[in-house]
Amino acid sequence: MKQCLFFFLCGLLIGCQIDRQTLRQAESVTALKKDATLTCPIDDATACAQSTVFSKLYASSQMTGNNQMLILDHGEESLLARINLIRAAQDSIDIQTFIWNNDEAGHWVLAELIRAARRGVKVSIIGDQLYTMGNSWLMAELATIHQNFEFRLYNPVFSDAHTSAFEFATAIACCLANLNRRMHNKAFVVDGRYAIVGGRNYSSRYFDWDATFNYKDREVMAIGSVVDSIVTSFDSFWNSEHVLPLTHLNDVARRIINNQEAQTDWDRPLPELVQTLSRQANDNAYVAQTFFADVVAVDQVEYFSDTHDKPFNKDARQANKQLTEKFHDLFAQTEHSLLIQTPYLVFSRKARNMFKTLRKDHPDLDLQVSTNSLSSTDAFYVYAISLKHKRFYLKKLEMDIYEFKQRPGMLEQFFATHQMNEHTRFGLHSKSFVIDGKVSMIGSHNFDPRSDVLNTESGFIIYDQEFAEKLTASIELDMRPQNSWLVAAKEQIPFFSHISGFFASISRKLPIFDIWPFRYATSYELLPGKEPVPRDHPDFFEHYKSVGNFPDIDLPVKQIQTIIISAFGGFAEPIM
């Protein structure tokens, strides 16, 4: 019976590959359907592009040889910068993303990109198939929208643009390894001059426009010669065997052949939410006022991207130096301080051993991590796995852990408030680090096992003290007592705490049956009128009060699920 099921699933997988006749027909029909008209003079495609004040920074970078770098901490401002640059594009726009939702923000960016294509700009987009659109009608429309607009997908499951629930379950049963191989790169490049790299995807919750949940994310804009490296990496993905045009996908090809494309009005009036930001994107004085004060000219910056084939075989990971290896090399060189921000505090075994060696070599190292609490995370099952290692992080690595609150005290400073209500949750999605106050990284890598092996990742590594100071200040805002809880050991009970710690250390090392009920650590809130003190300060418990393992969680079921996954789900840690 098991053999029959195996051959059935394999047959299903093979049968889902697009046949040559369908492919040829889809490509032929697509060529006929693609609009070729331009809204600008064919001999002067730049005439319809608006000016951008960012061109002044590009001119400066050309004169000095320095790259101009700008931290984008605010979601709506990041969207503003994108729209300004899309409208100013004269030649090309290249975008790489993990998620693209056709919600308010995602739709608006698509509409702006289509307008750019219609005036003569070559628009090229790569999305990870599993988390992009999920609508074969819309993807068929995008495949035929204009000759200057092309969308491709990374590692499509069963050669479809949309993965149904049945296909997803089938993929888990027959080919989980392939299902897990995802492209997590996020890059936005205009005219080979301006780039944005970091953690944001194309969905309203990354730009402060979701009424239920919004991410506090971070990106960096780069203007200058380093953008060439991003274009090179993008082109390698674009031409990869793992990235397919939409016409090579079964469901999209059938929609095109049968005239079943979505019929979207891309020129419909903008919603009220969008109108103000759209006007601001046309106002170069406003754009300069918003961004220019925080721009840093840096001497040395490196864009680092994993290769397109990294998730598919060990040889690819060994033949080319990947981003994870670069990070470990940098971490190992730390001498005084290491500040990390990650949404998911699940370091790989290799990383934990590296940090253990680092702590041994540098006993006075200041090691701080900003991450999500259970109340703020978007993936409670990943948080559950991180529970297994809290004792190790706190006691062995002497790590200071700050967990972000779902309603931070400075939320009106962190987020645009148009869609905010009393029930809106907020969570961290930033992936950054600062080493010794000199070396910084902002990118897509979560410092977890999935980013190490299963995903492709990208990011900027910046060697500049002024930039490092700005990034440190940004992360430290998130770590302030009004925005994050401090995680620390519980008050020690003579004899019992020692015995409990012994059994807990054994239990936490087990991939399953981690059932020792007593936790080493808990979350703490700073008491009113008290100043923050270190975890090992003799008066610590006079300055902080315990708020429990899972503060601000009103759902007992979520707490119970978290405890169960922590106890029995450790075997799944490499794919979390």
Side-chain angles (χ1 to χ4, degrees), residues 52-82 84-86 88 93-96 185-200 216-234 284 287-305 323 326-327 330 339-341 429-445 457-478:
T52 176
V53 72
F54 289 118
S55 63
K56 295 181 179 179
L57 297 179
Y58 180 74
S60 176
S61 74
Q62 293 295 99
M63 289 178 59
T64 63
N66 292 333
N67 287 280
Q68 306 289 326
M69 309 295 289
L70 169 67
I71 295 174
L72 297 174
D73 266 331
H74 298 88
E76 192 176 71
E77 290 181 0
S78 177
L79 185 56
L80 168 69
R82 280 173 165 84
N84 176 271
L85 288 171
I86 290 171
I93 301 173
D94 299 329
I95 298 177
Q96 221 173 336
N185 296 46
K186 291 90 180 272
F188 170 93
V189 182
V190 171
D191 292 340
R193 297 181 173 187
Y194 317 99
I196 297 175
V197 169
R200 288 189 180 93
K216 189 175 191 305
D217 215 328
R218 181 178 296 109
E219 295 168 306
V220 60
M221 179 187 290
I223 300 174
S225 59
V226 72
V227 178
D228 293 341
S229 300
I230 308 173
V231 174
T232 300
S233 172
F234 180 89
N284 274 318
V287 172
Q289 180 183 353
T290 302
F291 297 113
F292 275 31
D294 295 315
V295 174
V296 179
V298 303
D299 292 324
Q300 186 179 357
V301 57
E302 179 182 15
Y303 175 75
F304 215 100
S305 173
L323 193 57
K326 181 72 174 180
F327 289 170
L330 288 171
L339 176 62
I340 300 174
Q341 188 165 58
H429 197 254
S430 310
K431 310 97 166 41
S432 308
F433 65 69
V434 181
I435 297 174
D436 291 336
K438 296 182 294 186
V439 180
S440 307
M441 193 290 302
I442 297 175
S444 65
H445 198 293
E457 307 286 359
S458 62
F460 280 121
I461 300 172
I462 303 105
Y463 304 85
D464 185 272
Q465 186 170 341
E466 182 183 357
F467 188 91
E469 289 173 356
K470 286 183 177 293
L471 179 54
T472 298
S474 173
I475 298 174
E476 287 180 345
L477 271 184
D478 299 335

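- With rounding to the nearest 0.5 Å, the separation of CZ in Phe188 from CD1 in Ile93 is 6.0 Å.
- Among pairs with a residue in residues 287-302, those fulfilling side chain to side chain donor-acceptor pair (under 3.5 Å) read Glu302-Lys326, at least two apart in sequence or across chains.
- Scored by the salt bridge (charged side-chain N to carboxylate O under 4.0 Å, His left out) test, Asp464 finds no partners at all (sequence neighbours excluded).
- Here the closest non-hydrogen pair linking Ala222 and Met69 is CB-SD, 3.6 Å.
- Annotation: side chain of Val439 is in contact with side chain of Ile461 (closest heavy-atom distance under 4.5 Å).
- Annotation: side chain of Thr232 is not in contact with side chain of Tyr303 (no heavy-atom distance under 4.5 Å).
- To the nearest 0.5 Å, the span separating CZ on Phe460 from OG on Ser432 amounts to 12.5 Å.
- Shown here for Val53 and Val287, the closest heavy-atom pair between the two residues is CG1-CG1, 3.8 Å.
- Using a 4.5 Å heavy-atom cutoff, the side chains of Asn284 and Asn84 are in contact.
- Judged purely by atom type and a 3.5 angstrom limit, Asn66 has no side-chain atom pairing as donor or acceptor with the backbone of Ser61.
- Ser444 and Asn185 form no side-chain donor-acceptor contact under 3.5 Å, judged by distance and modelled atom types alone.
- The heavy-atom pair separating Glu219 from Gly199 by the smallest distance is CG-N, 3.9 Å.
- By the 30° and 60° cut-offs, the orientation of the rings of Tyr194 relative to Phe54 is tilted.
- Here the side chain of Ser233 pairs no donor or acceptor atom with the backbone of Ile230 at under 3.5 angstrom.
- Rounding to the nearest 0.5 angstrom, the gap separating the CG atom in Leu477 from the CG atom in Asp73 is 8.5 Å.
- Between atom CD1 of residue Ile442 and atom NZ of residue Lys431 there is a gap of 12.5 Å, rounded to the nearest 0.5 Å.
- Looking at heavy atoms from C-beta onward, Phe291 lies in side-chain contact with Glu77 at the 4.5 angstrom threshold.
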Run the numbers on Met221 and Leu57 for side chain to side chain contact (heavy atoms under 4.5 Å, CB included), then give the verdict. CA-CA 11 Å; Met221 179 187 290; Leu57 297 179; 5.8 Å; no
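- The CG atom of Leu72 lies 7.5 Å from the CZ atom of Arg82; values are rounded to the nearest 0.5 Å.
- A distance of 12.5 Å separates CD1 in Ile71 from OG in Ser78, rounded to the nearest 0.5 Å.
- Using cut-offs of 30° and 60° on the angle between ring planes, the pair Phe433 and Phe327 is perpendicular.
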Side chain to side chain contact (heavy atoms under 4.5 Å, CB included) between Ser225 and Asn67, intermediate numbers included: CA-CA 7 Å; Ser225 59; Asn67 287 280; 3.7 Å; yes
Can you check side chain to side chain contact (heavy atoms under 4.5 Å, CB included) on Tyr58 and Thr52, steps first, answer last? CA-CA 10 Å; Tyr58 180 74; Thr52 176; over 6 Å; no
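- Here the rule is side chain to side chain contact (heavy atoms under 4.5 Å, CB included) with Leu471, and of Glu466, Gln341, Arg218 only Arg218 fits it.
- Closest approach of Val197 and Gly459 over heavy atoms only: CG1-CA, 4.0 Å.
- Residues Asp217 and Lys186 are not paired through a salt bridge, judged by the lack of any N-O separation under 4.0 Å between the basic side chain and the carboxylate.
- Judged purely by atom type and a 3.5 angstrom limit, Ser60 has no side-chain atom pairing as donor or acceptor with the backbone of Lys56.
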